[in-house]
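Values reported hereafter were calculated over all heavy atoms of this structure, with side chains retained and with hydrogens, waters and symmetry mates removed. Proteins come first, then strands; the chains are lettered A, B, ... in the order of their sequence lines, and each starts at number 1.
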Amino acid sequence: MTEQSTNEARRTGPKLSFILPLIGFLILAGFAAAALFATLSGSRNPAQLPSVLISKPAPATPVPLLDNGLGTLDLADFAGEPLLVNFFASWCAPCRAEAPALALLAEGVTVIGIAYKDKPADTSAFLTQFGNPFSAIGVDRDGRLGFAWGVYGVPESYVIGSDGTVLLRHAGPIDRRVLDEVVMPAIKDAR
Amino acid sequence: MKPVLRSCGVMFLLAAGIFVGGIFGGITTPAMAITAEEMLDDPTLESRARELSKQLRCLVCQNQSIDDSDAELARDLRREVRGQLMTGATDSEIIETLRGKYGDYLLLNPPISSGTYILWLAPLAVLIGGAGLVLAARRTRRTGAATGQAQEQSQEQSQEQPHEAVAGSDDQASRSGFGAGSGSGSGSGFGFGSGFGYIYFAGGALVLAASLGLYLMLGRADLGDQPLAQRQAEIETAAKAQNQQAETLAAALARAKQQTIDEPTNVGNWLRLAQAAAMADDNQTEIRALTTAREMTGDDVTVKSMLAEALSRAAGGQITVPARTLIASVLASSPDEPRALYLAGLAAYQDEDYARAVSIWQRLRTVSVDDAPWMSLLDDNIADAAAAGGIDIPEAQSRPGPDEADIAAAAEMSDEDRTAMIEGMVSGLAEKLAENPDDVEGWRRLGRAYEVLGRPEDAASALISAANAVPQDIDQQVTTLQMIVTSGLGRQYITPASRLIERATLLAPDRLDLLFLRGHFAKLEGRTDKARELWQRLLGQLPSDSPYIDDLKAAIAAL
């Protein structure tokens, strides 16, 4: 009997009811492995949400300028070159960490700052302490502008093309790696 | 087939348990992050607001709805929802507005779109697939049982019959797979004897080995958490930098305070205390120090203006009534005091009296020297005020510069006169910079002026101050160092220079001109080996056609 069923098994090959779960498992494992390696290599970040603004014109909600609250910030004044718009706040610790990278970026690219939900006096003190890489700073005291841009936390940065369309959103601080691998390529493409 | 069904049953029970647990867990969770003052008075609108909030994801705590989340953003979104409800927007209008800002991810129930088909169809596919498997299993068992009967009756080997082949191999396979066969003929043990038993064994071993490998590579307890550790390190560095900064400022403030205690009759000490307090964001101390300085100087106009500025800064930029009184009294005695003029213009601007703001600021413009540091800010302010008030400003007035007469006059000056004029400007600038040491542009100008005057030591000091004002600016560090080296002051300024070098090396360790400077100062310090090493490194990095190569080789040889 034993020998007989063994022979039968050899002849008919594996059964469907075992192959199917195996295939299912392998597919799932494949997805998991792909996600894991994408995360490790940095090309996938689950914390980065897609922005609905991509390829759309940047919102033009007017906000006052930080310099003594005179005048309003208008991104159209900077049209014709790619920009980086950086939402920051003096109360935000990672905003301090990205100060050196922004300073580096500002050597070749116009960087616009939006002080998000921050007191102007605190913002000024923050800029004195950590340096001011910004060509212009808008004051978004109540977060209206942030809402228009779909900002969900600071720091958050947007690369804007010469024509004023949003090309990239990066949530979280810009360090050297992000600068070299994410921000600079987007700006290069925009040029 | 039975073990398969049994494990399916166990899995079903588990799933049901998780489901039921989830329901009860959901009921017992204390929901409601909303505070009383956020709620709307109208109970119908408020209940609509709650329903909407439960459908919207908080993008900060991504597995909570904005109804559950205490995050700042969730509160903003709750306010936005209620604000729109008050204006009479429908539920779907509100959801559409928010989705327009934050995208589909905002919705806890993802909409069916090309990207989410898998999400919505997968459960259906699993259900259909599962039903198919169960049906197939039932049919196999029925035919298997019938064949078994026939087999018992005939006691014949009938391997060629397709029914029996299917049933027999199925029995065998279920044993090999689960190692717990309940039928007859368990002599083949774990099924190593059967051909595909090996496949399962190998597959299982492969999965185990791969898991172990992945664990050792990425998941070991002694390895840091990958993204979290990195983020925390960043936050820690930032916090450390901030603490350091705060400590430096606090120490400077404490030193300045001590000086006013040691020598309370020195006005300079009180002014320095005011400045340190302003840097450390301590408005109250600044105001106290300036008040003391004002009493000691007998209402000096500059001190009074500084006090007015400090009072306004403490009020978040608003020119307050006491500040206005001070400004008015300053301008009554000296109508050209620049700080008071600037603040008076700002006060007029804040009163929306734009014509007055423009006229005051234009007055400031005419009394300021052309390269005063506030000029560009002032021009912007004048333009803003003019735009806000619809005032036309003549071009010539808004951008005056040295006219031809001024240039001619300067050209006709004797060398002595010109030097005297520059000296006058320089001492004024130096005084201003003592008050405001962060003015990099001012330090650079002062440095250039001293170079023109033939005072290289003073020029080097000014440029070191410029480099200290912008410690992150690598170019300024290098420019200052180059100036020190080219004026032959390296030995004299070796201590401040080595600080600049340290700073610059951290910023750009491989910068070529920095490598040269580092080598130069190493040589001055007598560390010949270090100098040789740095210059050799530079030599290796210079392009082969660089004109500096011969000089550098000679310098290395001279070490």
Let me confirm one number: the OG1-CG distance from A/Thr128 to B/Asp281, rounded to the nearest 0.5 Å. 8.0 Å

B/Ala238 to A/Arg96 - nearest heavy-atom pair and separation: CB-CB, 3.9 Å

Look at atom CG of B/Leu135 and say whether more than 12 heavy atoms of other residues, nucleotides or ligands are closer to it than 6.0 Å. yes

Looking at A/Val151, is its backbone amide N or carbonyl O close enough to the side chain of B/Tyr102 to form a donor-acceptor pair, meaning the two atoms are under 3.5 Å apart? yes

Given that the side chain runs from C-beta out, which part of B/Val207 has a heavy atom under 4.5 Å from chain A: side chain, backbone, both or neither? side chain

Name each donor-acceptor pair under 3.5 Å that joins a side chain in residues 102-109 of chain A to protein atoms two or more places apart or in another chain, with its distance.
none

Nearest 0.5 Å, please: how far is NZ in B/Lys101 from CZ in A/Phe147? 6.0 Å

B/Leu106 versus chain A, heavy atoms under 4.5 Å apart: side chain, backbone, both or neither? neither

Working to the nearest 0.5 Å, report the span between OH of A/Tyr152 and CZ of B/Arg57. 11.5 Å

For A/Arg144, is it the side chain, the backbone, both or neither that has a heavy atom under 4.5 Å from a heavy atom of chain B? side chain

Is it the backbone or the side chain of B/Leu507 that comes under 4.5 Å from a heavy atom of chain A, or both, or neither? neither

Gap between atom CZ of A/Phe18 and atom CD1 of B/Ile199 - 0.5 Å precision: 13.0 Å

Who wins among A/Gln129, A/Glu98, A/Lys56 for the most heavy-atom pairs under 4.5 Å with chain B? A/Gln129

For residues 73-90 of chain A, give me every residue with a non-hydrogen atom less than 4.5 Å from any non-hydrogen atom of chain B. none

Which answer fits B/Leu133, side chain, backbone, both or neither, if we ask what part of it has an atom under 4.5 Å from a heavy atom of chain A? side chain

Between B/Gln242 and A/Phe130, is the side chain to side chain contact (heavy atoms under 4.5 Å, CB included) condition met? List the steps. CA-CA 9 Å; B/Gln242 189 209 0; A/Phe130 297 97; 4.0 Å; yes

Apply disulfide (SG to SG under 2.5 Å) to A/Cys95 and list each qualifying residue two or more places apart in sequence or on a separate chain. A/Cys92

A/Leu53, part contacting chain B, at a heavy-atom distance under 4.5 Å: neither

Looking at CG of B/Asp384 and OG1 of A/Thr72, how far apart are the two atoms once the value is rounded to the nearest 0.5 Å? 7.5 Å

Review item, side-chain donor-acceptor pairs of residues 26-38 of chain A, under 3.5 Å, at least two apart:
none

Side chain to side chain contact (heavy atoms under 4.5 Å, CB included) assessment of A/Lys117 paired with B/Glu72: CA-CA 11 Å; A/Lys117 292 191 175 182; B/Glu72 173 97 13; 3.4 Å; yes

